[in-house]
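As structure tokens, the structure follows; a few thoughts come after it.
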Amino acid sequence: MSWASLEDIYLPTSLASYLDKKVVLQLRDNRKLIGVLRSFDQFANVVMEGAYERNIVGDLYCDMQLGLYVVRGENVVLTGELDLEREELPQHMTRVSKAEITRAQKAEREVVHLQRSIRKRLEFLDFD
């Protein structure tokens, strides 16, 4: 039986390279979680410390604190390390309260719903 070498274990694509670093996770439901990756297992389940969910609508954003957070690996679509020396967001972004971002998300959902219903009604015209 052969054992994996260190080169095999610490590939750049491995979550091990992100341990104790600030990362962003994009989940299947399109949520974005930011925090320090503290642990992971063979199923890519991860434990994040100081985690928060970042909600962005247009030029508005809100960070909702989560604390110590466990994410099931099958829900993770993308993992990336954040550069601590750069600004996380462009300067034109405005931080708002949870209530304001919730209203903006609701308005955005209503617009998308309206667009879909208009497309369905005009589908018979075959504008493709």
Met48 side chain reached by Val23 side chain, heavy atoms, under 4.5 Å: yes

Side chain to side chain, Leu27 and Val77, heavy atoms closer than 4.5 Å: no

Contact check, side chains of Met64 and Tyr52, non-hydrogen atoms, under 4.5 Å: no

Tyr69/Val47 under side-chain contact (heavy atoms from CB on, under 4.5 Å): CA gap, chis, key distance, verdict: CA-CA 6 Å; Tyr69 207 70; Val47 177; over 6 Å; no

Leu15 side chain reached by Val46 side chain, heavy atoms, under 4.5 Å: yes

Distance in Å, Ile56 CD1 paired with Cys62 SG, rounded so as to fall on 0.5 Å steps: 11.0 Å

side-chain contact (heavy atoms from CB on, under 4.5 Å) evaluation trace for Met93 with Leu60: CA-CA 6 Å; Met93 299 292 287; Leu60 306 176; over 6 Å; no

Exam field: side chain Ser97 to backbone Glu100, donor-acceptor pair closer than 3.5 Å: yes

Residues, nucleotides or ligands: over 12 heavy atoms within 6.0 Å of Arg31 CZ: yes

Between NZ on residue Lys98 and CD on residue Gln105, distance to nearest 0.5 Å: 10.0 Å

Heavy-atom side-chain contact between Lys21 and Leu37 under 4.5 Å: no

Distance-minimising heavy-atom pair for Leu114 and Ser117: O-OG, 2.8 Å

Working for side-chain contact (heavy atoms from CB on, under 4.5 Å), residues Arg38 and Val36: CA-CA 6 Å; Arg38 289 297 181 202; Val36 178; 3.5 Å; yes

Distance (rounded to the nearest 0.5 Å) between Arg72 CZ and Arg28 CZ: 9.0 Å

Chi angles and distances behind the side-chain contact (heavy atoms from CB on, under 4.5 Å) call for Leu33, Val71: CA-CA 10 Å; Leu33 304 180; Val71 181; 3.7 Å; yes

Whether Asp59 side chain and His92 backbone form a donor-acceptor pair below 3.5 Å: no

Side chain proximity check, Leu82 to Ile34, heavy atoms < 4.5 angstrom: yes

Nearest-0.5 Å distance, OH of residue Tyr61 to CD1 of residue Ile101: 10.0 Å

Electrostatic pair Arg95-Asp63, nearest N-O below 4.0 angstrom: yes

Cluster overlap Val76 with Leu78, hydrophobic side-chain contacts below 4.5 Å: no

